[in-house]
There are 2 protein chains.
Amino acid sequence: MHIPTLRHIDDDQCRHFLSAVELVGQRWSAAILLALHRGDTRFSDVRASVIGISDRMLAVRLKELVGDGLVERTIIPTTPVQVRYGLTPRGADLLGSLQPLVQWGQRWNDQPAEAATAS
Amino acid sequence: MHIPTLRHIDDDQCRHFLSAVELVGQRWSAAILLALHRGDTRFSDVRASVIGISDRMLAVRLKELVGDGLVERTIIPTTPVQVRYGLTPRGADLLGSLQPLVQWGQRWNDQPAEAATAS
DNA sequence: CTGGATCCCTATCGATACTG
DNA sequence: CAGTATCGATAGGGATCCAG
């Protein structure tokens, strides 16, 4: 299902945009990406960082993100096999592209939204 | 429920980010915002633009977006009451802040992300 | 035309239990 | 530690009907 489309889309800008939003808009996805960005590399690290996420969802989202090329999964064949997760360049770039959102949040957080409409 | 949180959040950057993502990550929301940005002002216009959306969901999302201060609802008391929708400055700014996502999509779209994982 | 109210179904998610 | 499998609860979302 997902990824809504618009009528008479002139360019694929819209689709890029919508699919990217859809991607990172998935529940937990953004938080996971952020946790990885912050330095978490282990499954359990991320699980501990992202409050309230379940094993299942973390595994599911992680798999999705790996499939989308945003996260890289590395297996270190030590005695007890270690698994490391990390952002791919693509994933890191996505987070970077999302930075303006942070500014946006700060910019309009204080402003009473009605002040704009009420001239 | 939503808006996941991270442990030991140093600043509210994370929360701003996560709540913004959560906001626009809602199904249809981004597409609706885009339709409004493109010039649609009527309920039926947006419904026609956003492929597959139902009356109910459009009404629900529109109400949410208005509540979030991203969309402005104007009632024109003509004979058959007219209702106009449009982005608020805040909403327009949000879309602007999402622009880098478009670039991101184009930048990494060609790169075969699966090549890394694919066998 | 613009939406509110219902019904109902499905996908999604959480918890638990189990395996390598 | 790093998951997978199963199951049950829930709420998101679609279709339909109705009202202003």
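Here is the naming used below: chain letters follow the sequence lines, and residue numbers restart at 1 for every chain. Quick caveat: nothing in here was measured; it's all calculated off a predicted structure.
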Value in whole Å for how far the [atom2] atom of [N] lies from [atom1] of [X]:
X       : N      : atom1 : atom2 : result
B:Phe43 : D:dA19 : CZ    : C1'   : 14 Å
A:Leu65 : D:dG3  : CG    : C1'   : 16 Å
B:Gln26 : D:dA11 : CD    : P     : 14 Å
A:Leu58 : C:dC13 : CG    : C1'   : 14 Å
A:Arg61 : C:dA11 : CZ    : C1'   : 11 Å
A:Glu64 : D:dT4  : CD    : P     : 12 Å
A:Asp45 : D:dG3  : CG    : P     : 12 Å
B:Leu62 : C:dC1  : CG    : C1'   : 14 Å

Looking at [options], which one has an atom nearest to any side-chain atom of [X]?
X       : options              : value
A:Arg27 : D:dA2, D:dT4, C:dG14 : C:dG14
A:Ala59 : C:dG3, D:dT4, D:dA2  : D:dT4
A:Met57 : C:dG3, C:dC13, C:dT2 : C:dC13
B:Ser44 : D:dG13, C:dC1, D:dG3 : C:dC1

Under the salt bridge (charged side-chain N to carboxylate O under 4.0 Å, His left out) rule, what pairs show up with a residue in residues 70-87 of chain A, not counting sequence neighbours? none

Please report how far the helix from C:dC1-D:dG20 to C:dG20-D:dC1 bends, comparing the axis fitted to its first five pairs with the axis fitted to its last five, to the nearest 10 degrees. 50°

Test side-chain hydrogen bond (donor to acceptor under 3.5 Å, both in side chains) applied to [X] - qualifying residues, sequence neighbours left out:
X        : answer
A:Gln103 : none
A:Arg47  : A:Asp55
A:Asp45  : none

Taking C-beta and beyond as the side chain, do A:Leu23 and A:Leu70 meet within less than 4.5 Å on heavy atoms? yes

Any heavy-atom pair between the side chains of B:Leu18 and B:Thr5 that's under 4.5 Å? no

Counting the atoms with a prime plus P, OP1 and OP2 as sugar-phosphate, which does A:Arg84 contact under 4.0 Å by heavy atoms, base, sugar-phosphate, or nothing? nothing

Between protein and nucleic acid, restricted to nucleotides 15-20 of chain C and to nitrogen or oxygen atoms under 3.5 Å apart, what atom pairs and distances do you find?
none

Short side-chain N/O contact to [N] OP1/OP2 from [X], under 4.0 Å:
X       : N     : value
A:Arg73 : D:dG3 : yes
B:Tyr85 : C:dG3 : yes
A:Lys63 : D:dG3 : no

For the side chain of [X] and the backbone of [Y], is there at least one donor-acceptor N/O pair under 3.5 Å apart?
X        : Y       : result
A:Ser97  : A:Asp93 : yes
B:Thr88  : B:Gly69 : yes
A:Trp104 : B:His16 : no

Would B:Leu101 and A:Leu94 satisfy side chain to side chain contact (heavy atoms under 4.5 Å, CB included), going step by step from the backbone distance to the final call? CA-CA 7 Å; B:Leu101 265 190; A:Leu94 176 59; 3.3 Å; yes

